[in-house]
Amino acid sequence: MRKLVATILMLACCMPLVSQTVDAVVKESTTTIDCKDMRHTRFTNHRVYLLCHERVSDLADFSIACSKYEKLTEFSGQVLDAQGKVVRKFKKGDLKRTDLSANFADDYYTLSLDYVPPAYPVTIEFNWGEEANNGCFGFPPFAPVVAYNTQVDHASYVLIAPAEMACRYMYRNTTAQVTQSTLDDGRIRYEAHFDNLPAIESEPYDPPAREVVPMIQWAPSHFEFHGVPGDMSSWQAFGSWCQQLRNGRQELSPEFKAQLHAMTDACATDRDKVEAIYRYLAQTTRYVSIQLGIGGWQPFAASEVCRTGFGDCKGLSNYLCAMLHEVGVPANYVVIYHGRPRLYTDFPSNQFNHAIAQVPLSGDTLWLECTAAAHVPLGHVHDGIAGNDALLCDDHGGHLVKLPNYSPEQNVSCSVAHIALQPDGSANLDINMHYERRQYEDMMPLTAKTEQQRRDAMLERINVNGAVLDSFDFSEHKEPYTIPYIDVDMKVNSRKLANTTGSRMFVPVGLFHKVTVPRALQSRVQPIDIDYGYLDVDTVVVTLPEGYEIESLPQPITEVTPLGEVRQIFEQCAGKVTVVTRHLMRNGRYPTSDYDTLRHLKTTTKKAYDQRIVLKRK
Amino acid sequence: MILIRRLLPVCVLFALVAIHSKAQEPNLKWGKPSTEELNMTSYSLDPEAKAIVLYSDTRVHYEFQLENFKVVKNVRKRIKVLSEEGKRWANGEIVTLNLNDGRKEVITKLNATAYNMVNGKLVKTKMSSDLKEVAKANEQSYLTKFTVPQVTVGTIIEYEYETTSDINSHIDDWVAQDVIPVVYTSFQLVVPEIFIYRLDETGMNTMEHKREYVPLQYKIDRENTLEVQGTIETFIGHDLPALYDYKCLYSIWTYAQRVSVEITAFQPPNSVRQNIAMTWNGVDESLLSNENFGKRLGNNPLANEMRQAGIYDMTDCKQKVDAICQLLQKRVRWNQIHSMWARSPKTVVTQGTGTNGDINMLLINMLRDAGLQAFPLVMVARTHGILTVTRPSIEQFTTVVAAVRHEDGESYDVIDAACRGGYVNVLDKSLLSDRARIISKEQGEKWLDLSKITVDKRIQNIDAKLAGDGTIDAMLHVRMQGGAAMEFRQTMFHVNDSAAFAAEMASNLSCKVTYMQCDGVNDFSPTTSLKMHVERPGKVIYAGRIYMNVMPGSMLPELLFTDERRTLPVELPYPIDYEQMSNVWLPNGYDVDELPKPFSMTSEDGSMRFSMVTVINNGVMSTKYKLYIGRTLFMPNEYTILKTFLEEVKTHREAVVLIKRNN
């Protein structure tokens with residue numbers, strides 16, 4: 001029975017020429033970008049994908065966003081079966097158009113093709129051309145590794161641009177070189193190739209794919225976008241351009257200015273003024289995504305946001321800055337990438353998808369999320385932007401800044417359960433759960449739910465069999481400039497908290513958390529990326545039922561590693577057992593060699609949460 | 001226009017009818033929010049409602065315009081925003097049809113106003129025209145989005161719109177409930193007698209219904225007026241509760257209070273009646289004569305390949321069915337789209353992909369060509385609601401599979417060849433409809449109940465050897481049938497690295513997997529199996545004492561409900577049939593101190609059964625575990641029974657024993 005046999009699975013096979021972990025091969029990827037001048041650009045693309053498995057069936061789809069200024073000029077495609085026979089052809093008329101998007105309004109429509117290959121392996125080929133005639137704000141990166149487990153046979157990228165655009169490029173994870181030449185018409189031709197790039201395998205806790213794939217990024221130094229010339233040769237210059245788009249858009253009506261002053265003139269400090277204005281923003285506006293104007297880059301005028309009571313991130317941030325400026329509090333417009341901590345700081349270019357406001361109060365700079373002012377407490381930097389690089393835009397141009405982040409110890413949850421156990425295994429539990437900062441954010445969605453939904457959610461969250469709520473109190477605390485937290489107090493009856501077998505009772509001690517252990521790897525390739533640091537401290541106090549005594553207490557646990565730690569102690573006193581479990585995870589980037597340490601830490605933590613106290617009838 | 005499927009009159013099904021006292025008298029004056037409404041901060045019947053519909057009025061009538069009758073719909077809504085989350089009701093959407101034949105529905109009016117109390121004064125803010133956006137949603141519909149300005153907590157939003165539709169044989173369902181409470185809602189339908197119609201009211205609440213007969217006039221041209229009798233149907237609902245979503249519920253809209261209207265015939269004055277809707281037999285005939293349905297039957301482009309595979313020579317029906325399904329699945333892959341309709345079988349085979357309609361109609365052709373009695377079996381998928389049996393119509397159906405009649409002439413096998421990983425009578429959970437209809441020219445019973453046709457069946461054997469240090473060395477073998485086999489196959493289709501899958505299993509079981517074998521993953525067969533050899537440390541070990549679960553290495557899924565109560569039914573994916581036999585060889589010199597008592601329970605109606613027995617014999621601890629749940633639909637009043645039953649199962653499943661060294 002005990003044979004160490006190599007794992008056998010009957011899986012769909014791939015092409016014999018590729019290894020088993022390769023799902024797709026980019027046989028050919030060519031991109032040619034021809035900028036005739038600052039305004040007119042033509043893109044020509046050719047892709048040939050060999051798809052070995054339906055896991056990468058998305059590569060058989062085609063989708064492109066178009067607008068009045070960005071058009072698809074040509075499109076064709078074909079599908080070849082495993083023998084190389086053409087089984088399907090596509091033309092431009094096969095693309096479906098939809099104007100629908102998640103935005104309330106934008107300038108774009110989508111042309112798409114949803115194709116399901118009949119069998120694998122299959123080769124998909126697409127050729128298409130695009131034209132943009134209202135300026136070029138940036139160029140697509142040369143990154144032909146389009147997915148994990150995808151190898152690249154050959155890829156090329158050609159960019160032809162006027163010399164005055166002064167295009168730049170930046171290498172990531174590659175030793176490839178860009179060649180550069182001057183054409184007869186004076187334009188510069190840049191060219192790069194990738195050949196035989198191996199597939200990158202997805203691993204647990206791996207860094208974002210864009211950080212590990214070979215890539216060359218491109219950006220113009222000088223550009224014109226929707227008629228507005230700009231310079232992104234430096235962050236300072238790019239910030240100036242962003243700031244320029246706000247010019248004349250911060251005006252407020254005299255009546256409204258008077259209203260703002262009436263609201264804030266009595267405030268003793270700038271902090272109080274910010275509080276009043278932020279509260280006003282929360283009460284009177286809502287987020288509506290409107291991506292119109294200069295490619296969605298120009299904020300709506302503050303007066304317009306004031307009139308309608310809504311706006312997108314740019315409009316609301318600009319509005320807040322205008323209001324604060326009016327009441328004498330300096331505030332800055334900041335562009336940032338929501339959900340992406342690091343910018344390529346050495347490569348000034350458009351790397352942003354969001355806008356916020358910054359208020360440089362002395363000794364206490366505030367970073368204000370304006371799209372959810374009613375939800376995000378004043379002073380709290382939420383997870384999507386905390387610790388992120390960003391570009392602050394003011395009259396002096398752009399300035400790279402980094403937002404503060406919270407330490408793992410600050411993202412804390414403290415849970416306490418007092419368990420009065422009965423001889424039949426039933427129990428009354430008095431539970432308090434307390435969540436701060438990022439853990440508070442994790443719980444925030446419940447604030448929007450009904451009481452019944454919150455009760456149900458918390459019952460699902462705790463590991464208590466047959467739980468019935470006796471009482472329930474859920475409270476959110478988010479006073480300005482304080483640490484936001486959520487408290488949950490529950491009195492719970494459990495019909496069967498502890499399992500009983502004969503004269504024994506098995507009492508679980510891990511009521512609050514579940515841990516997943518990442519799978520073992522034969523060889524880890526990538527560094528370990530832990531993007532969320534947190535601390536969980538759980539205390540469980542078990543009052544022994546009448547007539548029972550402790551037969552076995554689990555051994556205490558202590559494991560301390562650079563990635564985190566877990567400690568569990570058991571204390572007996574006067575018919576009670578107290579179990580304290582402390583689990584800390586430190587966010588960060590760790591070397592590949594730490595993977596076993598991570599697994600061991602997770603395994604030990606799981607073990608701690610799975611422990612049981614064994615009681616026996618006297 | 002809200003496109004939602006018709007429903008069985010669920011009011012008949014439900015014993016529970018929500019009874020509410022009226023919270024407040026509704027204000028029926030349009031454009032004049034009352035002081036009470038303006039000052040309202042919460043709704044007494046649902047104090048946590050994020051927003052409420054104070055007033056909703058939908059009126060549908062016919063008008064004669066441009067030589068034809070058109071359906072004109074007026075909708076008015078007044079909504080109170082009671083919280084930050086409630087602000088999202090300031091954004092609205094209206095879907096309008098634009099059919100390929102040129103008939104369309106247009107929005108002829110759209111207005112909205114926000115009412116706010118500012119410093120004790122009522123301030124009205126109207127929506128300007130730039131706050132409306134129209135987008136083409138697909139080939140047959142447009143989506144108009146609008147957003148109301150100056151909406152904050154406390155705001156009252158009023159919006160009204162009017163649509164005019166050329167499609168005079170279609171009237172949208174009127175859905176009275178929403179995901180927020182509705183204080184007052186009314187629906188008025190005025191139909192001239194030249195349109196013959198049928199009404200269905202469904203849902204779990206009570207509504208007032210009034211019918212009046214009135215004379216109606218329609219100006220046909222400058223000189224002529226058509227005078228006919230008409231009917232006014234009025235429905236009024238008070239204090240309808242919000243619909244909340246739960247797990248194991250395919251769609252909350254299945255159970256929403258609604259009125260469905262079907263135009264069944266057109267009877268012009270002094271002219272012949274034109275039937276639009278019909279009997280179920282009429283539905284059959286209509287489908288069979290449809291270009292994209294019945295007319296697709298008969299052509300088998302894979303005949304040559306069937307011949308080459310020797311299918312025509314097979315004598316066993318089951319063998320034929322298996323061979324045909326395998327051949328078809330090799331040639332055509334499902335594009336993940338459910339559809340009733342089919343393209344030409346030749347096109348489908350040439351392109352190699354298709355909807356489930358394309359694939360199953362092709363399957364039927366192949367089965368018939370091989371001499372089997374195969375028929376289209378149409379149904380509404382569970383994700384789209386429940387069939388209204390009292391209203392025969394084609395548009396109720398959303399999808400089609402194949403039914404193969406047995407030689408007894410009465411029973412059937414059901415196949416969905418679009419579903420990879422499925423088998424004969426193994427359908428995706430969304431297709432386990434309690435009413436599916438066989439489409440054929442034949443007379444007789446044509447309804448099939450598929451709700452129990454596919455069972456999630458698992459049989460696990462555990463043979464474990466326990467060492468004195470607590471280590472467990474076990475061979476786990478799970479045989480899966482029905483829904484379990486299908487879902488396992490579908491999981492395995494997406495596994496790209498077998499070692500990674502084994503490692504994942506090892507992590508889940510907190511053990512080391514030293515051997516793994518899957519059988520039947522790529523077969524067209526009723527079963528799959530997973531065999532693993534694992535090693536894992538004992539849970540709790542002290543000197544001479546080992547605490548362990550009586551069934552170490554169980555891989556049976558755990559079903560559990562924690563919600564305190566439900567207002568909507570539980571819809572389980574499949575009936576459940578689990579068996580597990582665990583044998584643990586104890587180390588020499590050890591014995592079990594106390595065994596769990598044998599346990600069994602059966603629900604009152606016998607649809608749920610559970611038993612578990614642990615015995616010890618010659619140093620082997622054996623546990624037999626059986627769980628059977630024979631139903632997939634549990635009404636809200638049965639929820640507690642189901643929840644408690646499953647909690648009891650969990651308790652026994654987690655039974656722990658002490659294994660200790662003999663003195």
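Only a predicted model underlies this, so the values are computations on that prediction, with no experimental measurement involved. Reminder, nothing fancy here: chain letters follow the sequence lines and each chain counts from 1.
Of the two parts of A:R461, neither the backbone nor the side chain holds a non-hydrogen atom closer than 4.5 Å to a non-hydrogen atom of chain B. For B:A242, no part sits under 4.5 Å from any heavy atom of chain A, backbone or side chain. Using a 4.5 Å cut-off between heavy atoms, A:N499 contacts chain B through its side chain alone, with no backbone atom that close. Interface remark: A:T500 contributes no atoms to any contact with chain B (heavy atom separation under 4.5 Å). For a residue to count as touching a neighbouring chain, one of its non-hydrogen atoms must lie under 4.5 Å from one of that chain's; by this rule A:K602 does not touch chain B. Heavy atoms closer than 4.5 Å to chain A are found nowhere in B:L646, neither backbone nor side chain. Of the atoms belonging to A:Y115, it is side-chain heavy atoms, and not backbone ones, that fall under 4.5 Å from chain B. Interface remark: B:E93 contributes no atoms to any contact with chain A (heavy atom separation under 4.5 Å). Neither the backbone nor the side chain of A:A457 comes within less than 4.5 Å of any heavy atom in chain B. In this structure, chain B has no heavy atom under 4.5 Å from any part of A:L521. In this structure, the portion of A:P518 lying under 4.5 Å from any heavy atom of chain B is its backbone and not its side chain. The part of A:N149 that comes within reach of chain B is its side chain, from C-beta onward, which places non-hydrogen atoms under 4.5 angstrom from that chain.
When A:A467, A:S503, A:A119, A:A374 are compared by the number of non-hydrogen pairs under 4.5 Å with chain B, A:S503 comes out ahead. In terms of heavy-atom pairs under 4.5 angstrom with chain A, the leader among B:R565, B:K145, B:K643, B:M532 is B:K145. Options A:V288, A:T98, A:T450, A:T284 differ in how many heavy-atom pairs under 4.5 Å they form with chain B, and the most are formed by A:T450. Of all the listed residues (A:T501, A:T447, A:L469), the one sharing the greatest number of non-hydrogen pairs under 4.5 Å with chain B is A:T501. Contact count versus chain B (heavy atoms, under 4.5 Å) is highest, among A:Q283, A:R88, A:E460, A:R307, for A:R88. Counting heavy-atom pairs closer than 4.5 Å to chain A, the top-ranked of the candidates B:R88, B:K50, B:Q150 is B:Q150. Taking A:G425, A:G466, A:A520, A:A498 one by one and counting their heavy-atom pairs under 4.5 Å with chain B, the maximum is reached by A:G466. Ranked by heavy-atom pairs under 4.5 Å with chain B, the list A:Q452, A:Q453, A:H375, A:E201 is led by A:Q452. Of the listed residues (B:V151, B:V148, B:V153, B:T147), the one with the most heavy-atom contacts under 4.5 Å to chain A is B:T147. Ranked by heavy-atom pairs shorter than 4.5 Å toward chain A, the options B:H494, B:E504, B:E84, B:M127 are led by B:H494. Note: B:D593 leads B:V657, B:D593, B:L560, B:T644 in heavy-atom pairs under 4.5 Å with chain A.
In this structure the side chain of A:K96 never reaches within 4.5 angstrom of the side chain of A:L113, judged on heavy atoms. Proximity of A:E54 to A:Y120: side-chain heavy atoms (C-beta onward) are separated by under 4.5 Å at one or more points. Using a 4.5 Å cut-off on side-chain heavy atoms (C-beta onward), B:K512 and B:V534 make no contact.
Between A:R495 and B:T651, the side chains place no donor N or O within less than 3.5 Å of an acceptor N or O (distance only, hydrogens not considered). Side-chain atoms of A:E551 and B:Y547 form a donor-acceptor pair, as typed in the model, at a separation below 3.5 Å. Counted by atom type alone, B:T353 and B:N335 present zero donor-acceptor pairs between their side chains at under 3.5 Å. Neither side chain, A:Y609 nor A:Q611, offers a donor N or O lying under 3.5 Å from an acceptor on the other.
Counting heavy atoms of neighbouring residues, nucleotides and ligands inside a 6.0 Å radius, atom NZ of A:K616 exceeds 12 of them. Atom NZ of A:K478 has more than 12 neighbouring heavy atoms from other residues, nucleotides or ligands inside a 6.0 Å radius. Under a cut-off of 6.0 angstrom, the local environment of CD in A:Q522 is sparse, with at most 12 non-hydrogen atoms contributed by other residues, nucleotides or ligands.
Closest non-hydrogen pair, B:K660 versus B:R545, comes out as CB-CG, 4.1 Å.
Scanning for salt bridge (charged side-chain N to carboxylate O under 4.0 Å, His left out) contacts around A:D58 gives an empty result, with sequence neighbours left out.
Remark: B:K247 qualifies as a cation-pi partner of B:F561 under the 6.0 Å distance and 45° angle criteria applied to the six-membered ring. Because its NZ or CZ atom is both nearer than 6.0 Å to the ring centre of B:F493 and within 45° of the ring axis, B:R420 counts as a cation-pi partner of that residue.
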